[in-house]
Each structure stands twice: as structure tokens, then as C-alpha cells.
Amino acid sequence: AAKCSVLAEGRIEEPKVVVDPFGTESYGVAILTGKAVGADAVVSSICVYDKKAKTAEIGGELTADQGTITVPKP
């Protein structure tokens, strides 16, 4: 959570970090959510932590409408 929060600086104001308590065998996974810096939009980013290298990377900012999945009706 700490490494991901640092990566969110300048992108997300006071991010709320939700860490997957299990992740994968090799990676920890977290979702950061908060107000985008310089905008009114609420955004989320995915953060991946490499357990072996002890490094983290963060993805781009996603808005709520980008996370909507439309399932076609049969």
C-alpha cells in the first residue's frame, strides 16, 4: 500500500488503497481510488507489486464509466 500510494502522488489526491489480501504467487495487487489531481473526476488506478524485486508499478487513471461492462442480450 505504501509503495503504491507514493506512485499515485501527483495523480490522485489522498488515494484510498484497497490491497488484495492474497494477490498472486509473484505479485501483490491493489486498487487506488480518489479525486484526480487538477480535475473533479474520481479515478481509480491498478497497482502491481513485484514480490521478488520489491518494486511497484501503477497503471493509468480509469474513470467509473471506463469500468462499465456492457453484456449484449442474446
Side-chain angles (χ1 to χ4, degrees):
K3 288 194 179 203
C4 292
S5 293
V6 168
L7 293 174
E9 289 178 8
R11 294 175 165 203
I12 302 174
E13 295 179 10
E14 300 179 28
K16 178 180 177 187
V17 182
V18 178
V19 177
D20 177 340
F22 304 104
T24 71
E25 186 175 327
S26 301
Y27 300 97
V29 182
I31 299 173
L32 296 85
T33 303
K35 183 177 175 288
V37 171
D40 289 331
V42 173
V43 295
S44 296
S45 290
I46 298 170
C47 183
V48 179
Y49 178 76
D50 184 320
K51 294 176 181 179
K52 187 174 182 180
K54 300 190 185 312
T55 57
E57 294 183 30
I58 191 171
E61 297 85 27
L62 303 169
T63 59
D65 62 334
Q66 289 173 306
T68 304
I69 299 172
T70 305
V71 178
K73 295 182 180 180

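All values derive from a computational prediction rather than experimental measurement.
I58 and Y49 sit in two unconnected hydrophobic clusters of ILVMFWY residues. Membership requires side-chain heavy atoms under 4.5 Å apart, directly or through other members. Neither V19 nor V48 shares a network with the other; the hydrophobic side chains, linked directly or stepwise wherever heavy atoms of I, L, V, M, F, W or Y lie under 4.5 Å apart, form separate groups for each.
Counting non-hydrogen atoms of neighbouring residues, nucleotides and ligands closer than 6.0 angstrom, the NZ atom of K35 exceeds 12 such neighbours. When the shell of 6.0 Å around CD of E57 is examined, it contains 12 or fewer heavy atoms from other residues, nucleotides or ligands.
For the pair S45 (side chain) and G60 (backbone), a donor-acceptor distance under 3.5 Å is present. One N or O on the side chain of K3 and one on the backbone of K54 form a donor-acceptor pair closer than 3.5 Å.
We find the NZ-OG distance between K16 and S5 to be 12.5 Å, quoted to the nearest 0.5 Å. Of the inter-residue distances, the one linking I31 atom CD1 with I46 atom CD1 reads 6.0 Å to the nearest 0.5 angstrom. Atom CG of L62 is separated from atom CG of L32 by 11.5 Å, given to the nearest 0.5 angstrom.
In plain terms, the two heavy atoms of I12 and T33 that are nearest each other are CG2-C, 4.1 Å. Nearest heavy-atom pair across L7 and C47 is CD1-SG, 4.5 Å.
Using a 4.5 Å heavy-atom threshold, the side chains of Y27 and D50 count as touching.
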